[in-house]
Amino acid sequence: MKFVVNGDEMTIAIKRVAATFPKRSVIPPIIKFEAAEESVSLTAVQPNKRVSVRVPAFVVDPGAVAVDVDDVNLVCGLDHDVTYEDDGKKLTAANQKKRRSTGLRDLGIIRDWNDYAFKPFGSIATPELMDAFKVTDGARSDDETRANLTAFCLNTREMVALDGFHLVLRKLNVQNAAHDGNLLLPGETYADMKNLIVNKKDGSVSIECCEKCVKLSCDDFTYEIVPIAGDYIKYEQIIPKTYKLGIEASAKEMLAVAKEYSKYKGNRTNEEFLAIGNGIVTMSLITDAGYLADKLDCCAVTAGDDDSMFLFAHNIGYMLNVLNAMDEDKMRVTFNSIVSHIPD
């Protein structure tokens, strides 16, 4: 095998693939280099996923070799055009100033991956897909005994995550939608996609699926992962159809107050409340040291009885997850009940 490639592009590609390996893995972290036609593919296989990144290259002699991830940095990081060549025992990278080599691994070590018969799901704009992952990530459960709740639930309308305490739903604009049902993507999908999508402010991600695998692909990478089996909670039944009280608020103002209150989150005896009454909205925090209260100037009660007092106990951590993920300043908060516990 012999090919010529830009050293910086190769360095970035290797880092993208290597970042998808778990920190602790029983599978040897090996990357397969495969040169064919006008590109080089870097592929890594784990028990539940396969990642492949493509780099433009001038291929002199097609072929494939396997290299240890720990040693692969020896053959990258060279500026300008770099010539990669193997002699059956080692892979050598060289330019006019430097020459580096690393030993080869047996290609048989790389686990075979089935070539599934995928069906189209649709395509989503890259920024929109990554924003959906970001917005819903904080709502996923970390309880591995309930695997379905650790997943991102993706369908052609929205991405959803919930953990039994709160639910986050992000609407999606799926182009060429051709799938009816939910895909349960493991939580690691978000971290892997962040590493694979580098500086992509436009373009789209194509999604294909089958019973045993989901494939997300872009112009220069392919990511295949085994979805979580089973059905997702029927979250549509959880979302209230009507509400008793609503407020319009400034997300920036609420975020500033929530960040201040989060400094006290280490104390489990703290109680946080959102108080609504007489047309005034107040965020409050009760701690062992005292009582904090901040009137939210940019809030307005849009529905309900302005003269009645309503206290809503909330979790600062959950509120920060939501507020940090919001791009727009104006937000609406609604309550399907105005029955609450008022502390002594």
Run the salt-bridge test on Lys2 and Asp87 with the 4.0 Å N-O cut-off and return the result as yes or no.
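Salt bridge between Lys2 and Asp87, a charged N being under 4.0 Å from a carboxylate O: no.
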Indicate yes or no: does Asp329 engage Lys252 in a salt bridge with an N to O separation below 4.0 Å.
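No, no charged N to carboxylate O under 4.0 Å.
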How about [X]: does its [atom1] atom have over 12 heavy atoms from other parts shown lying under 6.0 Å from it?
| X | atom1 | answer |
| --- | --- | --- |
| Lys49 | NZ | yes |
| Glu328 | CD | no |
| Asp180 | CG | no |

Intermediate values then yes/no, side-chain contact (heavy atoms from CB on, under 4.5 Å), Leu185 and Val214
CA-CA 8 Å; Leu185 301 177; Val214 178; 3.9 Å; yes
Can you find a pair of side-chain heavy atoms, one from [X] and one from [Y], that are under 4.5 Å apart?
| X | Y | value |
| --- | --- | --- |
| Thr83 | Asn95 | no |
| Ser217 | Tyr223 | no |
| Met193 | Leu216 | yes |

As a test of understanding, state which of Val4, Val65, Val60, Leu91 forms a side chain to side chain contact (heavy atoms under 4.5 Å, CB included) with Tyr84.
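Single side chain to side chain contact (heavy atoms under 4.5 Å, CB included) partner of Tyr84 among Val4, Val65, Val60, Leu91: Leu91.
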Take Glu208 and Lys215, measure what salt bridge (charged side-chain N to carboxylate O under 4.0 Å, His left out) needs, and give me the verdict at the end.
CA-CA 5 Å; Glu208 300 172 78; Lys215 179 167 71 173; 3.5 Å; yes
Taking only residues at least two apart or on different chains, which pairs with a member in residues 223-235 satisfy salt bridge (Lys or Arg N to Asp or Glu O under 4.0 Å)?
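Those involving residues 223-235 are Arg50-Glu224.
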From Phe133 atom CZ to Arg140 atom CZ, the distance as rounded to the nearest 0.5 Å:
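It is 10.0 Å, given to the nearest 0.5 Å.
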Side-chain atoms of residues 149-166: list all donor-acceptor pairs with protein atoms under 3.5 Å, sequence neighbours left out, distances to 0.1 Å.
| from | atom 1 | to | atom 2 | distance (Å) |
| --- | --- | --- | --- | --- |
| Thr150 | OG1 | Ala147 | O | 2.6 |
| Asn155 | OD1 | Arg157 | N | 2.8 |
| Asn155 | OD1 | Glu158 | N | 2.9 |
| Asn155 | ND2 | Asn182 | OD1 | 3.0 |
| Asn155 | ND2 | Tyr235 | OH | 3.1 |
| Glu158 | OE1 | Lys171 | NZ | 3.4 |
| Glu158 | OE2 | Tyr235 | OH | 2.5 |
| Asp163 | OD1 | Phe165 | N | 2.9 |
| Asp163 | OD1 | His166 | N | 3.1 |
| Asp163 | OD1 | His166 | ND1 | 3.1 |
| Asp163 | OD2 | His166 | ND1 | 3.4 |

Report the C-alpha separation of Arg146 and Asp143 in whole Å, then their side-chain angles, then the decisive distance to 0.1 Å, and conclude whether the salt bridge (charged side-chain N to carboxylate O under 4.0 Å, His left out) test is met.
CA-CA 6 Å; Arg146 299 185 295 171; Asp143 182 0; 3.5 Å; yes
